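By convention in this document, chain letters (A, B, ...) are assigned in the order of the sequence lines, proteins followed by strands, and residues within each chain are numbered from 1. Since this is a predicted model, take the numbers as computed values, not measurements.
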Amino acid sequence: LAKTTQPISMDSYEGQEVNITCSHNNIATNDYITWYQQFPSQGPRFIIQGYKTKVTNEVASLFIPADRKSSTLSLPRVSLSDTAVYYCLVGGYNTNAGKSTFGDGTTLTVKP
Amino acid sequence: DTEVTQTPKHLVMGMTNKKSLKCEQHMGHRAMYWYKQKAKKPPELMFVYSYEKLSINESVPSRFSPECPNSSLLNLHLHALQPEDSALYLCASSQTTSGDQNTGELFFGEGSRLTVL
């Protein structure tokens with residue numbers, strides 16, 4: 001199983017760019033990297049997913065180095081509403097080979 | 001708006017009760033999941049159904065009994081629960097679990113908040 005390690009918490013201010021890094025040293029060849037956002041008492045919500053290099057969508061960017069042993073979620077110009085827990089998830093679900101596990105997540109607090 | 005619907009949103013039950021949590025999705029996903037989440041902890045996988053068949057059971061106690069009547073529905077039957085089973089129960093679905101393609105993209109419902117007295 002690909003275990004992930006993230007910082008427990010991060011603080012930022014409105015308008016700043018936030019980068020959250022996740023370590024996944026034993027990532028498998030076929031594993032994707034997916035980031036989720038979770039607000040209190042809600043289910044996690046998909047943010048972005050990638051396999052290698054850089055992926056960008058309307059809310060975030062994901063940077064993955066060539067060795068794929070880590071990844072960085074970049075949130076541009078955060079607002080108060082971005083205060084949430086962010087989870088890095090590596091792998092997926094394959095009925096034959098394995099599954100992925102949520103790490104402990106990073107609690108991001110955005111201050112005014 | 002989530003496309004995975006869970007009912008009820010809140011449930012309070014005694015240790016001798018029998019209740020069920022329900023989950024529904026109409027995205028055509030063929031994999032469905034149950035997770036348990038305690039306060040300030042990450043979601044923990046309980047069960048995975050792939051093409052309506054149970055494919056992963058993470059050593060969950062038998063007082064939790066999953067059921068997948070069809071590709072759109074997933075139930076979690078609860079019986080003789082303990083107070084420590086109080087948690088947020090999350091249902092999720094994904095497009096596929098088979099083959100070498102591991103995308104890991106999960107669509108979660110809002111969860112059912114369970115309190116066991």
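Proximity of the aromatic rings of A/Y87 and A/Y36 is defined here by a centroid distance below 6.0 angstrom, and this criterion is not met. Aromatic pair B/Y35/B/F47: centroids not less than 6.0 angstrom apart.
When heavy atoms are compared at a cutoff of 4.5 Å, B/E44 does not approach chain A at all. Using a 4.5 Å cut-off between heavy atoms, B/K9 makes no contact with chain A at all. Contact annotation for A/T29: neither backbone nor side-chain heavy atoms come within less than 4.5 Å of a heavy atom of chain B.
Here B/P43 is the residue among B/P43, B/A39, B/A92 with the most heavy-atom pairs under 4.5 Å with chain A.
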Identify every side-chain donor-acceptor pair in residues 105-112 of chain A under 3.5 Å, counting partners at least two apart or on other chains, and give the distances.
from, atom 1, to, atom 2, distance (Å)
A/T106, OG1, A/Q6, NE2, 3.0
A/T106, OG1, A/P7, O, 2.6
A/K111, NZ, A/D11, OD2, 3.4

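Qualifying salt bridge (Lys or Arg N to Asp or Glu O under 4.0 Å) partners for B/E52, counting only residues two or more places apart in sequence or in other chains: B/R30.
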